[in-house]
Amino acid sequence: QVQLVESGGGLVQAGGSLRLSCAASGRAFSSYVMGWSRQAPGKEREFVAGISWSGGSSAYSNSVKGRFTISRDNDANMVWLQMNSLKSEDTVVYYCGVARIPGVVDMTALGVTDFRSWGPGTQVTVSS
């Protein structure tokens, strides 16, 4: 069982950057696709980014592609989300997630339903 804790959220001006971190516990961490999602109050969870178990493949939503970068370190059990060129519409709670099944997952069709659990989240607020 992989447990997740996010950190790194905060207040930033539009155009600025933040780096979110996700610390994972559990020996099987390196076997799973990991990802980030976000959810605004009263709205559905939105897939943001995902990374394969090896770190060799990644996927992004159209809304963040070119601005956000996901990465991982399996030796450290860490996942990061580097967020650049932040916009006011990026203001929301961000969650780190672990895939439902270990190993290879179709990264071209990755979405929130491919993840079985999420951390408690970290708030990102972008001021305009």
Side-chain angles (χ1 to χ4, degrees):
Q1 189 79 2
V2 178
Q3 295 185 327
L4 308 166
V5 178
E6 306 91 340
S7 61
L11 175 64
V12 64
Q13 288 188 331
S17 298
L18 277 177
R19 189 191 197 204
L20 304 184
S21 299
C22 173
S25 64
R27 292 180 296 173
F29 168 80
S30 61
S31 301
Y32 288 86
V33 165
M34 299 295 294
W36 291 90
S37 68
R38 62 189 184 184
Q39 187 170 23
K43 295 189 176 182
E44 291 188 356
R45 187 183 297 275
E46 175 191 8
F47 171 77
V48 173
I51 188 165
S52 63
W53 65 269
S54 67
S57 298
S58 57
Y60 300 91
S61 68
N62 287 334
S63 60
V64 307
K65 194 174 296 182
R67 300 189 297 123
F68 291 9
T69 303
I70 188 171
S71 59
R72 70 188 294 165
D73 183 336
N74 286 340
D75 291 332
N77 277 23
M78 293 291 296
V79 182
W80 297 275
L81 185 68
Q82 178 67 43
M83 305 186 298
N84 299 329
S85 303
L86 283 162
K87 306 175 182 180
S88 57
E89 51 263 44
D90 295 319
T91 295
V92 74
V93 179
Y94 287 75
Y95 302 87
C96 176
V98 58
R100 293 187 180 276
I101 59 173
V104 176
V105 175
D106 184 359
M107 300 295 289
T108 64
L110 203 60
V112 293
T113 57
D114 293 302
F115 296 86
R116 73 164 187 262
S117 62
W118 304 94
T122 185
Q123 174 72 45
V124 170
T125 303
V126 183
S127 63
S128 57

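Just so it is clear, the structure is predicted and the values come from calculations on it, not from any experiment. Atom set for the values below is all heavy atoms of this structure, side chains included, hydrogens, waters and symmetry mates excluded.
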Heavy-atom donor-acceptor pair, [X] side chain to [Y] backbone, under 3.5 Å:
{"X": "Asp114", "Y": "Ala99", "result": "no"}
{"X": "Arg19", "Y": "Gly8", "result": "no"}
{"X": "Thr125", "Y": "Thr91", "result": "no"}
{"X": "Arg72", "Y": "Ser52", "result": "yes"}
{"X": "Tyr60", "Y": "Ile70", "result": "yes"}
{"X": "Asn74", "Y": "Ser54", "result": "no"}

Supply the atom-to-atom distance [X] [atom1] to [Y] [atom2], rounded to the nearest 0.5 angstrom.
{"X": "Phe68", "Y": "Arg38", "atom1": "CZ", "atom2": "CZ", "result": "5.5 Å"}
{"X": "Phe29", "Y": "Cys22", "atom1": "CZ", "atom2": "SG", "result": "7.0 Å"}
{"X": "Trp80", "Y": "Trp36", "atom1": "CH2", "atom2": "CH2", "result": "10.5 Å"}

So which atom in [X] and which in [Y] form the shortest heavy-atom distance, rounded to 0.1 Å?
{"X": "Tyr95", "Y": "Glu6", "value": "CA-OE2, 3.3 Å"}
{"X": "Ser127", "Y": "Leu11", "value": "CB-CD1, 4.3 Å"}
{"X": "Ser128", "Y": "Ser88", "value": "CB-CB, 4.4 Å"}

key: Check: Val98 and Met34 side chains under 4.5 Å, non-hydrogen atoms   =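 Heavy-atom side-chain distance check passes, below 4.5 Å.
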
key: Side chains of Ser37 and Phe47 in contact at under 4.5 Å (non-hydrogen atoms)   =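 No, every pair of side-chain atoms sits at 4.5 Å or beyond.
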
query = Ser63 and Glu46: side-chain donor and acceptor closer than 3.5 Å?
reply =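 Yes, side-chain donor-acceptor contact under 3.5 Å.
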
key: Reference residue Met83; test side chain to side chain contact (heavy atoms under 4.5 Å, CB included); the match among Val124, Asp90, Val64, Val12   =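 So the option named by the test is Val124.
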
